[in-house]
Amino acid sequence: MKILVVNCGSSSLKFQLIDAVSEEVIAKGLCERIGIDGSQIVYTPAGGEKTKTQAPMPSHVEAIQLVLDALTDPETGVIRDLDEIGAVGHRIVHGGEKFAKATIITAEVMEAIKDCNELAPLHNPANLIGITACQKLMPGTPMIAVFDTAFHQSMPEEAYLYGIPYEYYEKYKIRRYGFHGTSHAFVSREAADFLGKKYEDMKIIVCHLGNGASVSAVEQGHSIDTSMGLTPLEGLIMGTRSGDIDPSIMEFIAHKEGKDVNDIMNILNKKSGVLGLSGGFSSDFRDLEDAYMEGQEASVRTLKAFAYRVVKYIGAYVAAMNGVDAICFTAGLGENSSLIRNLICERLGYLGIEIDRKQNEKRGEDMIISTKDSDVDVLVIPTNEELAIARETYRLIK
Ligand code: ADP
């Protein structure tokens with residue numbers, strides 16, 4: 001059976017067609033600039049050429065139609081008929097407290113996702129539009145929702161509550177939710193399998209370090225804490241997001257610079273993180289790494305601060321789990337940057353961690369980068385959120 005995995009953003013749509021049994025990617029691509037002039041679809045069939053086609057996409061419905069046309073194209077397509085798609089797995093950013101697992105989408109589920117819109121106003125409405133568009137074009141094909149927040153629903157109250165009046169939790173459900181859940185779940189399980197250990201017996205810390213970045217503590221197969229909060233703004237220093245700050249800073253800047261709350265949120269989400277800390281040099285870690293190697297002061301302070309924050313979270317999660325068996329690095333930076341992994345791991349000697357420098361220079365595959373004598377296994381595990389969504393989708397409709 002073939003599963004179509006769909007990830008809708010406000011103006012983009014990423015897709016992959018995956019064989020549920022062999023887990024091979026049959027085709028993948030991206031629709032960009034939906035609802036904006038100059039929209040295009042990028043499409044790559046397995047073993048074939050990547051093509052870019054400009055086409056009008058006033059809404060996600062046209063985008064999905066173009067994806068389905070590309071998949072069934074007589075020359076470059078990979079299926080003859082849409083009936084070959086057994087189900088569609090949708091990535092949904094926020095499932096609030098309602099969804100601790102992936103679920104088959106019904107009218108009630110659509111309503112429940114809508115109820116979470118307030119918690120993710122940029123993402124959930126786009127996700128819902130994607131589902132509606134698919135339902136329209138593929139009536140009768142089961143649709144599955146896989147939530148970014150679901151894996152973290154196992155966090156205990158003491159980890160998800162904020163130290164603010166409890167009535168805000170009761171009235172508005174203000175609490176820590178955490179994100180990247182599909183990745184944290186996939187990577188932690190993959191690490192246990194790779195080590196040949198029982199997932200349910202392990203204490204694992206996953207560092208998902210990409211443009212958006214988060215750390216999680218996974219104990220006995222359950223997330224017990226994670227660094228992102230009500231929204232993806234909390235926690236680590238990210239590409240353009242600030243991560244943890246003293247909330248008073250917001251009022252201070254607003255006062256000094258004559259800004260309102262929307263301006264401040266924009267600064268914290270789009271102009272902070274490593275972009276802001278490097279004085280606007282770059283939000284891309286490759287640029288920062290190159291400049292770091294040349295000793296550029298702005299990049300040195302930025303990457304040191306980035307790594308330090310990760311080190312602090314690792315320490316906190318070792319404490320939360322009263323130990324750790326494995327630490328995993330994943331996502332763009334975690335999978336590829338030996339420099340960042342080094343900057344982090346050189347401060348973990350207190351855990352008995354020793355890194356094999358030569359092994360750490362490698363990239364792009366499941367591997368252990370700690371030495372045989374290291375008390376804790378340190379691994380690089382490439383994440384694969386699309387595959388994880390396809391697996392969940394298949395599991396639910398099988
Ligand atoms: P997201 O999905 O949140 O957009 P990714 O997981 O794709 O992010 O990670 C993107 C980040 O990973 C970018 O900042 C990029 O510079 C960084 N990255 C990718 N490859 C490398 C590399 N070889 N060395 C250092 N950083 C890298």
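Order of appearance sets the numbers: ligands from 1, and atoms from 1 within every ligand. Not measured: the values here are computed from a predicted model.
Residues Lys358 and Glu361 are not paired through a salt bridge, judged by the lack of any N-O separation under 4.0 Å between the basic side chain and the carboxylate. Using a cutoff of 4.0 Å between basic side-chain nitrogens and carboxylate oxygens, Arg176 and Glu234 are scored as salt-bridged. Classification of Lys197 and Asp377 as a salt-bridged pair holds, one side-chain N sitting under 4.0 Å from a carboxylate O.
For Gln40 and Glu32, the side-chain atoms include at least one donor-acceptor pair closer than 3.5 Å.
For ligand 1, the polar-atom distance check against Asp284 finds a nitrogen or oxygen pair separated by under 3.5 Å.
The protein non-hydrogen atom at the shortest distance from atom 25 (C) of ligand 1 is Glu289 OE2, 3.0 Å. In this structure, the protein non-hydrogen atom closest to atom 27 (C) of ligand 1 is Arg286 CG, 3.7 Å. In terms of protein heavy atoms, atom 4 (O) of ligand 1 is closest to Asn211 CB, 3.4 Å. With respect to atom 6 (O) of ligand 1, the closest heavy atom belonging to the protein is Gly332 N, 2.9 Å. When hydrogens are left out, the protein atom nearest atom 14 (O) of ligand 1 is Phe285 N, 3.1 Å; that is the closest non-hydrogen contact. For atom 23 (N) of ligand 1, the nearest protein heavy atom (residue, atom name, distance) is Asn336 CB, 3.3 Å.
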Exercise for the section: For side-chain contact (heavy atoms from CB on, under 4.5 Å), just list the numbers for Ile104 and Val109, CA-CA rounded to whole Å, side-chain angles, deciding distance to a tenth of an Å, and then say yes or no. Expected result: CA-CA 8 Å; Ile104 296 178; Val109 168; over 6 Å; no
Handout entry: Chi angles and distances behind the salt bridge (Lys or Arg N to Asp or Glu O under 4.0 Å) call for Glu289, Arg286
Key = CA-CA 5 Å; Glu289 249 193 71; Arg286 274 167 293 204; over 6 Å; no
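Here is the list of ligand 1 atoms found below 4.0 Å of a heavy atom in Gly210: 5 (P), 6 (O), 8 (O), 9 (O). For ligand 1, the atoms sitting less than 4.0 Å from at least one non-hydrogen atom of Arg363 are 23 (N), numbered in the order shown with element in parentheses.
Applying side chain to side chain contact (heavy atoms under 4.5 Å, CB included) to His90 and the options Ile105, Ile144, Asn127 leaves one that passes, Ile105.
Residue contact check for ligand 1: Gly212 places a non-hydrogen atom closer than 4.0 Å to it. Every heavy atom of Glu335 sits 4.0 Å or more from the atoms of ligand 1.
Ring geometry for His208 versus His184: interplanar angle of 30 to 60°, hence tilted.
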